Engineer: 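Just dropping this structure here.
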Protein chains: 2
Amino acid sequence: MSARDLQERIKKLIIDRRLPSGAPLPTEPELMAHLGASRNSVREALKGLQAMGIVEIRHGFGTYVGTMSLAPMIEGLAFRTVAGHYRGEDTLLQLLQLREAVETGLVSRLAGRVADADLVELDALVDRMEEQAAQGGDGIAETDRAFHATLYRGLDNALLGEVMEAFWDAFHRVHTDLGGTPQDPLVTCRQHREIVDAVRSGDAIRAEGAISEHFGNIRARVSTTGTQHPHRCHNERV
Amino acid sequence: MSARDLQERIKKLIIDRRLPSGAPLPTEPELMAHLGASRNSVREALKGLQAMGIVEIRHGFGTYVGTMSLAPMIEGLAFRTVAGHYRGEDTLLQLLQLREAVETGLVSRLAGRVADADLVELDALVDRMEEQAAQGGDGIAETDRAFHATLYRGLDNALLGEVMEAFWDAFHRVHTDLGGTPQDPLVTCRQHREIVDAVRSGDAIRAEGAISEHFGNIRARVSTTGTQHPHRCHNERV
DNA sequence: GTGTATTTGTTCGTATGTATT
DNA sequence: TAATACATACGAACAAATACA
């Protein structure tokens with residue numbers, strides 16, 4: 001029995017039994033019996049499914065249905081970007097342009113349609129960002145991530161939100177691992193404030209412009225990154 | 001040595017040696033020596049990397065750096081959508097809305113900026129689509145895929161194009177595997193023709209409307225899918 | 001805290017299938 | 001056809017982590 005077929009049969013098992021995220025999978029001996037394969041083959045199949053986020057393996061505890069998060073997609077995107085970067089391709093810039101193209105389109109649909117509760121949360125996030133900027137910019141990245149996540153929550157599509165977060169994560173990880181120059185915190189704060197105000201005003205054109213300016217700022221930093229060499233592996237942990 | 005560390009070290013090996021896609025990786029015995037791990041551990045690590053598209057394993061031939069395509073992302077998205085569907089979630093609709101939100105934003109940026117060569121190719125694709133519609137609709141899906149791919153080629157971002165194709169593939173596979181009702185070929189042709197004309201005219205609003213109407217048509221078919229049961233596994237081969 | 005059972009992690013040895021020469 | 005190199009698969013054993021009595 002080939003490992004590829006085993007993966008398909010395990011996926012089919014999850015579908016057929018309607019197993020939700022976190023539900024326990026049969027143990028390795030049980031899977032061996034059910035699939036008629038050796039333990040090594042079963043384990044290799046599970047390793048592949050684990051890499052795709054379909055199953056989660058806990059040492060000494062058991063195997064469970066994974067959270068189906070987009071973490072593997074981030075992993076793949078990040079590696080693809082780093083590998084291409086070192087081969088002289090502008091992959092990091094492409095990744096940024098992907099985010100910009102998608103976010104400018106989304107924010108115009110979002111203008112004037114964000115719930116009041118989300119708007120005050122966005123205000124609070126920019127406030128916090130300003131505090132962090134005043135104190136050396138520590139933790140400002142996480143606030144930026146929360147800002148974008150909160151912004152696109154208004155589109156009422158969990159999948160869309162996750163995809164946007166995945167793009168953000170992939171870009172951020174590659175950018176930092178490649179030793180990209182951080183942005184000016186004060187400029188970043190001002191641009192995020194403008195995004196909130198633009199969305200609140202309901203002016204789609206203005207909102208698009210705000211996003212565009214924000215990304216233009218980031219792009220300037222990316223272009224100067226050049227072909228630096230990192231001192232560490234491009235990532236170390238999920 | 002844990003399997004997770006092994007994966008990171010193999011990725012680091014690819015980065016450090018600047019291995020391009022298709023380049024041969026060290027054989028399993030060489031990796032065993034280089035990483036100081038047993039064959040089984042090396043194999044499990046490679047299986048995980050294979051699932052992420054980072055390496056490609058050819059039976060009896062060798063291991064190579066993968067094409068870094070987004071195929072694993074399609075795999076993950078498709079499974080996540082199918083699994084959620086059977087748990088009563090509207091995941092297929094969410095996936096469609098993701099495509100709609102992103103594509104409407106992109107097409108407005110695209111209006112009036114598509115190269116003439118691409119426009120004539122889009123025309124030809126719709127012509128072909130009409131032929132196929134007249135002959136029972138066979139192969140019309142592949143033409144639709146090519147249409148969207150050609151459309152977003154004008155944005156001059158290979159990554160963006162691949163992501164859009166990945167979303168299309170994931171949706172199409174899930175929709176067919178779930179036994180979704182196919183659309184009326186004639187309506188589909190008319191809507192694609194309108195998209196081309198709208199983009200050619202340079203009217204961003206009209207282009208957005210054309211895309212929106214197209215997706216509205218698909219959405220109507222998705223909503224009626226309900227909770228059907230497939231007769232086969234949700235997929236069978238990459 | 002200890003001990004035991006369960007489960008996954010790792011290793012070795014061996015045999016088989018596949019592609020190149 | 002034969003030889004070689006490689007990935008694939010299986011089985012058995014031990015190690016490590018976790019849970020529970």
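Throughout, a chain's letter reflects where its sequence line sits, starting with A, and its residues are numbered from 1. Note that the structure is a prediction, hence the values are computed from the model and not measured. All heavy atoms count here, side chains included; hydrogens, waters and symmetry mates do not.
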Engineer: Measure CG/Leu46(B) against P/dC6(D) and give the value in whole Å, please.
Structural biologist: 15 Å

Engineer: Of Gly60(A) and Glu28(B), whose closest DNA chain D nucleotide lies nearer the 5' terminus?
Structural biologist: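 Nearest nucleotide further toward 5': that of Glu28(B).
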
Engineer: Looking at Asp123(A), I'd like to know if its CG atom is crowded, meaning that more than 12 non-hydrogen atoms belonging to other residues, nucleotides or ligands lie closer than 6.0 Å.
Structural biologist: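 Yes, enclosed.
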
Engineer: List the atom pairs, donor and acceptor, that lie under 3.5 Å between side-chain atoms in residues 52-63 of chain A and the rest of the protein, sequence neighbours left out.
Structural biologist:
none

Engineer: What pair of heavy atoms forms the shortest contact from Ile140(B) to Pro185(B), and how long is it?
Structural biologist: CD1-CB, 3.9 Å

Engineer: Within the 4.0 Å heavy-atom criterion, would you say Arg43(A) contacts the bases, only the backbone, or no part of the nucleic acid?
Structural biologist: base

Engineer: What about Asn40(B): does its side chain form a donor-acceptor pair under 3.5 Å with the base of dG9(C)?
Structural biologist: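 No such pair is found, so the answer is no.
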
Engineer: If I compare all heavy atoms of Met68(A) with all of Arg80(B), which pair ends up nearest, and what's the gap?
Structural biologist: O-NH1, 2.6 Å

Engineer: Compare side-chain N and O positions of Thr63(B) against OP1 and OP2 of dC6(D) and report whether any pair is under 4.0 Å apart.
Structural biologist: no

Engineer: What does Arg39(A) touch in the nucleic acid at a heavy-atom separation under 4.0 angstrom: a base, only the sugar-phosphate, or nothing?
Structural biologist: base

Engineer: Within this structure, what is the CD-to-P distance between Glu56(A) and dT8(C), rounded to whole angstrom?
Structural biologist: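 It is 13 Å, rounded to the nearest whole Å.
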
Engineer: Please report, rounded to the nearest Å, how far the C1' atom of dT7(C) is from the CG atom of Leu31(A).
Structural biologist: 12 Å

Engineer: Rounded to whole Å, how long is the line connecting atom CZ of Arg58(A) with atom P of dT18(D)?
Structural biologist: 11 Å

Engineer: Check whether any side-chain N or O of Ser41(B) sits under 4.0 Å from OP1 or OP2 of dG9(C), and answer yes or no.
Structural biologist: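 The answer is no; no side-chain N or O of Ser41(B) sits under 4.0 Å from OP1 or OP2.
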
Engineer: Between Phe61(A) (CZ) and dA19(D) (C1'), how many Å, whole number?
Structural biologist: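 From Phe61(A) CZ to dA19(D) C1': 8 Å.
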
Engineer: Quick one: Glu44(B) CD to dC10(D) P, roughly how many Å, whole number?
Structural biologist: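 Going from Glu44(B) (CD) to dC10(D) (P), I get 14 Å.
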
Engineer: Could you label the plane-to-plane angle of the Trp168(A) and His172(A) rings as parallel, tilted or perpendicular, counting under 30° as parallel and over 60° as perpendicular?
Structural biologist: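 Answer is parallel, since the angle falls under 30°.
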
Engineer: Check the distance between dT7(C)'s P and Gln50(A)'s CD and give it to me in whole angstrom.
Structural biologist: 18 Å

Engineer: Distance check needed: dA9(D) C1' versus Arg4(A) CZ, whole Å only.
Structural biologist: 17 Å

